[in-house]
Amino acid sequence: MEIIVYFSKLFVPTTRQDPSEAELASHKLMIRSGMIKKTAAGIYNWLPIGLNVLKKVENIVRNNLNNYGAQEILMPMVQPAELWKESERYEQYGKELLKFQDRSQRDFVLGPTHEEIMCEIFRSYPISYKDLPINMYQIQTKFRDEIRPRFGVMRSREFLMKDAYSFDINEKGMENSYLNMKNAYISTFDEIGLDYRIVKADAGNIGGDVSEEFHIIADSGEDLLAISDSSEFAANVEVLEYNKDPSELDGSDSPDGNGKLQIKRGIEVGHIFQLGQKYSEKMSATIKDSTGTDINVFMGCYGIGVSRIVAAAIEQNHDEKGIIWPYSIAPFHVNVICLDPSKEEVIKECQSVYQILRDAGHDVILDDRDIRAGNKFTDNEILGIPYSIILGPRNYANNKYEFLSRATGEKQELNIDEIKQILEEKK
RNA sequence: CGGGGCAUAGCGCAGCCUGGUAGCGCACCUGGUUUGGGACCAGGUGGUCGCAGGUUCAAAUCCUGCUGCCCCGACCA
């Protein structure tokens with residue numbers, strides 16, 4: 001028998017008041033719902049509810065990558081400076097790269113990304129072109145010493161990132177790997193279920209010639225996107241060579257000749273790059289082709305900001321009362337709100353409903369706390385659990401349950417089978 | 001790194017200008033009354049006032065230095 005998740009046993013420190021430190025809705029709500037707790041600027045703890053959501057995002061990312069043939073590994077966060085000197089990024093990367101020494105004064109860095117380590121792994125084995133393509137990824141805590149961390153986990157210094165690296169014998173292979181990952185990303189973001197766009201991007205610090213970003217559309221986004229209203233064209237305004245104010249772009253002709261540009265704001269949650277031989281040349285990561293010639297391997301790299309997605313999801317899905325989770329990443333799908341837990345027959349009925357829904361494969365929480373109803377309703381709204389079943393002495397005896405949608409506020413009197421059917425469709 | 005702001009109980013704040021040894025709301029604990037939308041009454045716990053130094057009989061309050069945090073900008077996935 002499954003152990004019931006009782007609200008009373010979970011550490012969920014919700015608060016009524018907005019924290020003074022937060023500006024953005026997602027930041028405020030993550031603190032108010034007890035998801036995160038700051039330890040230092042840009043450095044956060046993930047409390048039970050927050051971690052629950054983070055893990056859901058992580059698992060969707062993981063499953064989709066696995067489906068597209070990528071293999072999960074785990075690389076060290078602490079990296080020897082040697083490798084970074086070799087790629088010449090030790091100086092180039094700038095102050096975002098946190099450098100430090102160990103007890104015997106050897107230089108190390110805290111990994112902001114892992115191209116160097118990945119090359120080091122690759123070059124140390126005799127790998128044949130016949131073994132390619134290879135694509136490996138990890139989901140790991142990254143550290144970038146941001147000039148100005150802000151907006152909670154949206155732009156933090158320590159954050160959870162999925163980074164994947166592909167290896168191919170030639171450009172054609174690299175392009176295939178890149179497209180494969182792009183498709184994996186599309187499938188991932190489709191599954192998460194947020195409104196997003198793929199845009200042409202500037203490769204920045206990572207390098208390479210071709211790169212695209214995945215943006216979750218939100219008014220609070222830090223990036224400006226130019227999107228054609230009648231074609232596939234979409235680009236981060238950074239890459240558009242206009243010498244004018246971005247606002248003037250709005251309504252101008254799309255560079256591809258189709259339609260007018262619309263300016264939207266986006267939160268960058270994914271970035272894919274064709275690196276080519278940039279790193280493999282500097283770090284001598286070679287491979288023998290069919291003629292026995294050493295070739296610098298063609299790489300691609302692919303990032304997803306896992307923790308940022310959590311914040312972005314809230315940014316796109318909330319109201320004045322709290323979070324409204326998409327079903328795919330909700331910490332729980334259903335909250336069984338027990339209005340009178342001290343009455344044995346009421347709590348028993350709640351447990352029974354819990355068990356039925358749990359057995360049907362839904363994540364359920366039972367709010368058994370001995371507090372006033374209003375407090376439970378309010379916490380439920382802040383937490384943004386998609387559905388709740390309100391069960392009290394007034395209605396436990398009949399076969400109908402009060403079924404409430406967080407998104408619409410709609411209340412229905414339904415029997416358990418009808419509830420199961422609605423939830424089934426959300427899966 | 002430039003500009004601005006803040007630091008007083010777990011959270012949100014007042015007190016500072018005009019020095020006299022700390023207060024309000026929420027939360028938390030106890031008792032009672034309540035109980036389907038953030039209850040009420042009574043009582044209670046909790047603070048070296050960010051740190052260091054200085055002025056003074058006396059500093060949360062005035063002065064100097066430092067640290068941390070937030071906002072705008074530049075920078076960046």
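So that the names make sense, note that chain A is the first sequence line, chain B the second, and so on, each numbered from 1.
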When you measure from the side chain of [X] to the backbone of [Y], do you find a donor-acceptor pair of N or O atoms at a distance under 3.5 Å?
X	Y	value
A:Arg308	A:Glu268	yes
A:Arg106	A:Gln101	no
A:Ser280	A:Val297	yes
A:Arg157	A:Glu146	no
A:Asn183	A:Leu179	yes

Item to check | Among B:A77, B:C72, B:G37, the nucleotide that comes nearest once only the side chain of A:Arg148 is considered | outcome: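 The nucleotide sitting nearest to the side chain is B:C72.
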
Roughly how many Å apart are [M] and [N], using the [atom1] atom of each and rounding to a whole number?
N	M	atom1	value
B:U55	B:C70	C1'	32 Å
B:U34	B:C24	P	29 Å
B:C40	B:C26	P	8 Å
B:A74	B:C16	C1'	35 Å
B:U30	B:U45	C1'	10 Å
B:C69	B:G32	P	46 Å
B:A22	B:A14	C1'	11 Å
B:A60	B:A52	C1'	16 Å

Could you let me know what [N] is paired to, Watson-Crick or G-U wobble, both distances under 3.5 Å, or none if it's on its own?
N	value
B:U61	none
B:A7	B:U67
B:A22	none
B:G2	B:C72
B:G37	none
B:A42	B:U30

Next on the checklist: We want to know whether A:His362 and A:Tyr327 form a side-chain donor-acceptor pair, criterion being a heavy-atom distance below 3.5 angstrom.
Outcome noted: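 A donor-acceptor contact under 3.5 Å links the two side chains.
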
Checklist entry - Is it the case that A:Tyr401 and A:Glu349 place a side-chain donor and acceptor less than 3.5 Å from each other? => result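 Indeed, the side chains of A:Tyr401 and A:Glu349 share at least one donor-acceptor pair under 3.5 Å.
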
Checklist entry - Can a side chain N or O of A:Lys38 be found less than 4.0 Å away from OP1 or OP2 on B:C70? => result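 So the side chain of A:Lys38 is within the cut-off, an N or O lying under 4.0 Å from OP1 or OP2 of B:C70.
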
Item to check | Side-chain N,O (A:Arg16) to OP1/OP2 (B:A27) below 4.0 Å | outcome: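 Yes, such a contact exists.
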
Checklist entry - So does A:Arg394 pair up with A:Asp340, basic N to acidic O under 4.0 Å? => result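 No, this pair does not count.
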
Checklist entry - Pairs in or reaching into residues 65-88 of chain A: which pass ring pair (Phe, Tyr, Trp, His ring centres under 6.0 Å), with residues at least two apart or in two chains? => result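 Every pair satisfying ring pair (Phe, Tyr, Trp, His ring centres under 6.0 Å) with a residue in residues 65-88 of chain A: A:Trp84-A:Tyr93.
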
Next on the checklist: By the ring pair (Phe, Tyr, Trp, His ring centres under 6.0 Å) test, which pairs, at least two apart or in different chains, include something from residues 13-44 of chain A?
Outcome noted: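 Checked against ring pair (Phe, Tyr, Trp, His ring centres under 6.0 Å) - neighbours excluded - no pair reaches residues 13-44 of chain A.
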
Determine the contact category for [X]: base if any of its heavy atoms lies under 4.0 Å from a base atom, sugar-phosphate if only primed atoms, P, OP1 or OP2 are that close, otherwise nothing.
X	result
A:Glu146	base
A:Thr14	nothing
A:Glu222	nothing
A:Arg32	base

Rounded to the nearest Å, what distance is computed from the [atom1] atom of residue [X] to the [atom2] atom of nucleotide [N]?
X	N	atom1	atom2	result
A:Glu320	B:G38	CD	P	17 Å
A:Arg157	B:C76	CZ	C1'	14 Å
A:Leu160	B:A77	CG	C1'	14 Å
A:Ile147	B:A74	CD1	C1'	7 Å
A:Glu23	B:G73	CD	P	11 Å
A:Ile382	B:G38	CD1	P	14 Å
A:Asp145	B:C76	CG	P	15 Å
A:His271	B:C76	NE2	P	13 Å

Checklist entry - So among A:Arg89, A:Glu116, A:Glu115, which one has a side chain to side chain donor-acceptor pair (under 3.5 Å) with A:Tyr279? => result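 With A:Tyr279 as partner, A:Arg89, A:Glu116, A:Glu115 yield a single side chain to side chain donor-acceptor pair (under 3.5 Å), made by A:Arg89.
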
Checklist entry - For A:Leu391 and A:Cys350, which heavy atoms make the closest approach, and how far apart are they? => result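 Result for this residue pair: CB-SG, 3.8 Å.
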
Item to check | Sugar-phosphate or base contact per nucleotide [nucleotides 10-16 of chain B; S, B, -; heavy atom under 4.0 Å] | outcome: -BSS---

Checklist entry - Hey, can you pull the residues of residues 370-379 of chain A with a non-hydrogen atom under 4.0 angstrom from RNA chain B? => result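 Residues of residues 370-379 of chain A under 4.0 Å from RNA chain B: A:Arg372, A:Ala373, A:Gly374, A:Asn375, A:Phe377, A:Thr378, A:Asp379.
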
Next on the checklist: What residues from residues 40-77 of chain A pass a heavy-atom cutoff of under 4.0 Å to RNA chain B?
Outcome noted: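 Under 4.0 Å from RNA chain B: A:Ala40, A:Ala41.
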
Checklist entry - Taking C-beta and beyond as the side chain, do A:Tyr302 and A:Asn135 meet within less than 4.5 Å on heavy atoms? => result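 Result yes, sub-4.5 Å side-chain heavy-atom pair found.
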
Next on the checklist: Using the ring-ring contact (aromatic ring centres under 6.0 Å, His included) criterion, which residues pair with A:Phe122? Sequence neighbours excluded.
Outcome noted: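 Per chain and number, A:Phe122 pairs via ring-ring contact (aromatic ring centres under 6.0 Å, His included) with A:Phe167.
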
